[in-house]
Student: 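Got a structure for you, questions after.
These numbers were taken from a predicted model, which means no experiment stands behind them. Every heavy atom of this structure was used, including side-chain atoms; hydrogens, water molecules and symmetry mates were not.
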Amino acid sequence: MNQIQIAIIGVVACIVLVIIGYYIYQENKFKKMIENNFNQATGDALNDVQGVVFENQNDDRRSSFETSHKDQELRQVETKLEQKEINFDPLLDTPDTENVQHNPIFNKFDQVEFPFVDRVSLNLDHVVDICFEGVAKIKVLPDISQFTAKSAVYYVLEKNLQWSLFERGKKYAAIGIRLVVDLVDSEGVMSELQLINIFNELAKFALHHEGHIRQTDSELELRKIQQQLKQVSSSELELALYIVNKEALEFRHLNKYFVSNGFRNNGGVFEYCLDGKVYFDIRDENAKSLNELGNYRTFSINSKLHHHANPMDAIDKIFDFAEKYMQYFESRLLTTNKLVMTEKDFTALEKQVFNYINSCKRQNIELGSELILRVLP
């Protein structure tokens with residue numbers, strides 16, 4: 001190998017080293033730019049006020065996406081929102097001041113009686129309040145459906161000190177708003193990450209409208225619900241009996257009889273209610289709604305026994321109705337297997353239900369509780 005070949009190899013090697021060094025420099029420069037724009041590591045997502053947190057269902061890793069001006073917004077939130085989070089009781093309108101100092105901006109807000117108290121459960125709902133320093137003109141409120149599919153309702157405290165249910169498209173002169181969102185439903189329980197995202201979204205809204213924000217401390221309730229879910233989910237017990245008429249009856253005759261005996265017609269499903277609680281309902285033989293044009297020889301009696309603190313109350317009402325019905329129409333009460341019900345069948349049913357009640361008691365399952373009504377509607 002002569003000197004010319006050695007020189008050529010040396011030049012090529014220098015060029016390669018220069019190219020590699022250039023790309024290493026660009027990579028480091030890019031990483032530094034990213035760190036400047038996204039100044040918190042992924043592991044700090046739970047401490048972030050403004051970041052939107054995403055939950056990976058395949059593992060426990062958490063990541064955050066933040067805008068390039070996050071630092072500025074975060075400093076504004078810390079300055080403008082004097083009290084980012086207050087643990088409080090929305091039913092009593094009394095903030096919990098044991099752990100945090102009460103923000104006086106909520107004094108006027110709390111003095112107005114909330115008329116929708118019966119729609120809020122402290123154990124099963126998450127509540128976020130925003131109180132404005134003045135009167136805010138509101139037409140659109142933050143959409144939290146991107147974070148959860150659970151039921152969420154906004155209430156508006158208007159400047160005339162009247163609470164109203166928020167209606168889309170309507171303009172409000174508001175001094176405050178309240179969001180009530182379900183922590184649990186038949187699809188499962190909310191996650192802490194979802195609560196963080198919801199709070200972050202409303203915190204930005206509050207900041208934009210010169211407002212102050214607080215929320216209920218729902219982390220403990222989430223843990224309690226998660227512990228109960230497995231047992232509650234296995235506590236479902238439905239009863240289906242049948243009545244067979246000697247002759248088929250027109251819908252209009254059945255409708256007249258049912259309505260006159262305390263039933264309500266809910267789209268062709270006749271529900272027997274007392275004090276707002278459905279004890280059982282009447283459907284067709286296949287548990288479908290009755291058709292106004294139909295004739296029925298057989299129909300079903302259905303009851304969700306887990307919806308009642310004492311399931312025997314529902315059973316007693318079913319048999320009281322059946323006895324009265326069979327005295328009015330020539331008919332027979334049938335078992336789940338569509339056999340004529342006898343005294344022996346009734347005794348076996350009673351025994352099964354009593355065993356079910358005792359089993360729930362041993363597992364500390366509260367039959368008829370609001371948790372059961374939400375998880376097993």
Student: Taking a hydrophobic cluster as the set of Ile, Leu, Val, Met, Phe, Trp and Tyr residues connected by side-chain heavy atoms closer than 4.5 Å, whether directly or through intermediates, do L290 and L334 fall within one such cluster?
Tutor: no

Student: Using a 4.5 Å cut-off on heavy atoms from C-beta on, say whether the side chain of S151 contacts that of D185.
Tutor: no

Student: Within the supplied structure, the quantity of interest is the number of heavy atoms (other residues, nucleotides, ligands) at a distance under 6.0 Å from K170 NZ; does it exceed 12?
Tutor: yes

Student: Is the backbone N or O of N286 less than 3.5 Å from a side-chain atom of D284, with the two atoms forming a donor-acceptor pair by type?
Tutor: yes

Student: Out of K150, R374, R119, which one pairs with D125 under the salt bridge (Lys or Arg N to Asp or Glu O under 4.0 Å) rule?
Tutor: R374

Student: Under a 3.5 Å distance rule, please check whether Y356 uses its side chain to pair with a backbone N or O of E236 as donor and acceptor.
Tutor: no

Student: For the CD atom on E285, are there more than 12 heavy atoms of other groups (residues, nucleotides or ligands in this structure) within a distance under 6.0 Å?
Tutor: yes

Student: Determine yes or no for a side-chain-to-main-chain donor-acceptor pair under 3.5 angstrom, with D281 supplying the side chain and E271 the backbone.
Tutor: no

Student: Could you label the plane-to-plane angle of the H209 and F205 rings as parallel, tilted or perpendicular, counting under 30° as parallel and over 60° as perpendicular?
Tutor: tilted

Student: Would you say NZ of K338 has more than 12 non-hydrogen atoms from neighbouring residues, nucleotides or ligands within 6.0 angstrom?
Tutor: yes

Student: Atom CD1 in I105, atom CG in D110: separation rounded to 0.5 Å?
Tutor: 11.0 Å

Student: Between K256 and E250, is the side chain to side chain contact (heavy atoms under 4.5 Å, CB included) condition met? List the steps.
Tutor: CA-CA 10 Å; K256 182 179 179 180; E250 294 182 24; over 6 Å; no

Student: Does the K277 side chain pair with the main chain of H307, one donor and one acceptor, at a distance under 3.5 Å?
Tutor: yes

Student: Could you check Y272 against I301 for side chain to side chain contact (heavy atoms under 4.5 Å, CB included), going step by step and ending with a plain yes or no?
Tutor: CA-CA 10 Å; Y272 185 77; I301 303 175; over 6 Å; no

Student: Under 6.0 Å between ring centres, would you say that holds for F258 and F270?
Tutor: yes

Student: Return the minimal non-hydrogen interatomic distance between R283 and F299, and the atom names on each side.
Tutor: O-CB, 3.0 Å

Student: Are the ring centres of W163 and Y155 closer than 6.0 Å?
Tutor: no

Student: Tell me whether H308 contacts the main-chain N or O of G368 through its side chain, where contact means a donor paired with an acceptor under 3.5 Å.
Tutor: no

Student: Side chains of I130 and L179, heavy atoms from C-beta outward: is any pair under 4.5 Å?
Tutor: no

Student: Is any side-chain heavy atom of P311 less than 4.5 Å from a side-chain heavy atom of L237?
Tutor: no

Student: Looking only at atom types and distance, does a side-chain atom of N255 sit under 3.5 Å from a main-chain N or O of F251, one as donor and one as acceptor?
Tutor: no

Student: Nearest 0.5 angstrom please: I365 CD1 to S234 OG, how far?
Tutor: 5.5 Å

Student: Under 3.5 Å, is there a donor on one side chain and an acceptor on the other for K224 and N123?
Tutor: no

Student: Specify the closest pair of heavy atoms between G176 and F109, including all atoms of both residues, with the distance to one decimal.
Tutor: CA-CE1, 3.8 Å

Student: Would the number of heavy atoms belonging to other residues, nucleotides or ligands and lying under 6.0 Å from CD of E366 be above 12?
Tutor: no

Student: Grab the two heavy atoms, one from Q226 and one from M190, that are nearest each other, plus how far apart they are.
Tutor: NE2-O, 4.4 Å

Student: Look up atom CD in E210 and atom NE2 in H212, then write down how far apart they are to the nearest 0.5 Å.
Tutor: 8.5 Å

Student: Donor-acceptor pair, distance only, cut-off 3.5 Å: does the side chain of K171 make one with the backbone of K137?
Tutor: no

Student: Would you compute the distance between atom CZ of F199 and atom CG of L195 and round it to the nearest 0.5 angstrom?
Tutor: 11.0 Å

Student: Nearest 0.5 Å, what's the SG-CD1 distance between C131 and I213?
Tutor: 11.5 Å

Student: Are the side chain of T216 and the backbone of V127 linked by a donor-acceptor contact shorter than 3.5 Å?
Tutor: yes

Student: Nearest heavy-atom pair of S233 and V375: which atoms, and what distance?
Tutor: OG-CG1, 4.1 Å

Student: After noting the C-alpha distance and the side-chain angles of D345 and V340, does the key distance pass the side chain to side chain contact (heavy atoms under 4.5 Å, CB included) rule?
Tutor: CA-CA 9 Å; D345 294 319; V340 176; over 6 Å; no

Student: Less than 4.5 Å apart, any side-chain heavy atom of V120 and any of F114?
Tutor: yes

Student: Would V278 end up clustered with L376 when hydrophobic side chains under 4.5 Å apart are linked, directly or stepwise?
Tutor: no

Student: For the residue pair F280 and F321, does the interplanar ring angle fall in the parallel (under 30°), tilted (30 to 60°) or perpendicular (over 60°) class?
Tutor: tilted

Student: For the residue pair Y279 / D316, report whether a side-chain donor-acceptor contact shorter than 3.5 Å exists.
Tutor: no

Student: Is there side-chain contact between L254 and I282, with heavy atoms separated by less than 4.5 Å?
Tutor: no

Student: If every non-hydrogen atom of A174 is compared with every non-hydrogen atom of F132, which pair is closest and at what distance?
Tutor: O-CD1, 3.6 Å

Student: For H126 and Q215, indicate whether the former's side chain and the latter's backbone hold a donor-acceptor pair under 3.5 Å.
Tutor: no

Student: Are I243 and F329 side-chain neighbours, meaning at least one heavy-atom pair lies under 4.5 Å?
Tutor: no

Student: Counting C-beta onward and ignoring hydrogens, is there a side-chain heavy-atom pair between R297 and V244 closer than 4.5 Å?
Tutor: yes

Student: Is there a path of hydrophobic side-chain contacts, each under 4.5 Å between heavy atoms of I, L, V, M, F, W or Y residues, that connects L305 with L274?
Tutor: yes

Student: Do L239 and Y242 land in one hydrophobic cluster if side-chain heavy atoms of ILVMFWY residues count as linked below 4.5 Å?
Tutor: no

Student: Going only through I, L, V, M, F, W and Y residues with side-chain contacts under 4.5 Å, is there a path from M341 to Y328?
Tutor: yes

Student: Could you state the interatomic distance from NE2 (H306) to CD1 (I357), rounded to the nearest 0.5 Å?
Tutor: 13.5 Å

Student: Applying side chain to side chain contact (heavy atoms under 4.5 Å, CB included), run through F319 and L333 and close with a yes or a no.
Tutor: CA-CA 9 Å; F319 280 91; L333 180 65; 3.5 Å; yes

Student: Write down the atom of L165, the atom of Y172, and the distance for their closest heavy-atom approach.
Tutor: O-OH, 3.5 Å

Student: Can any side-chain N or O of N337 pair as donor or acceptor with the backbone N or O of L339 at less than 3.5 Å?
Tutor: no

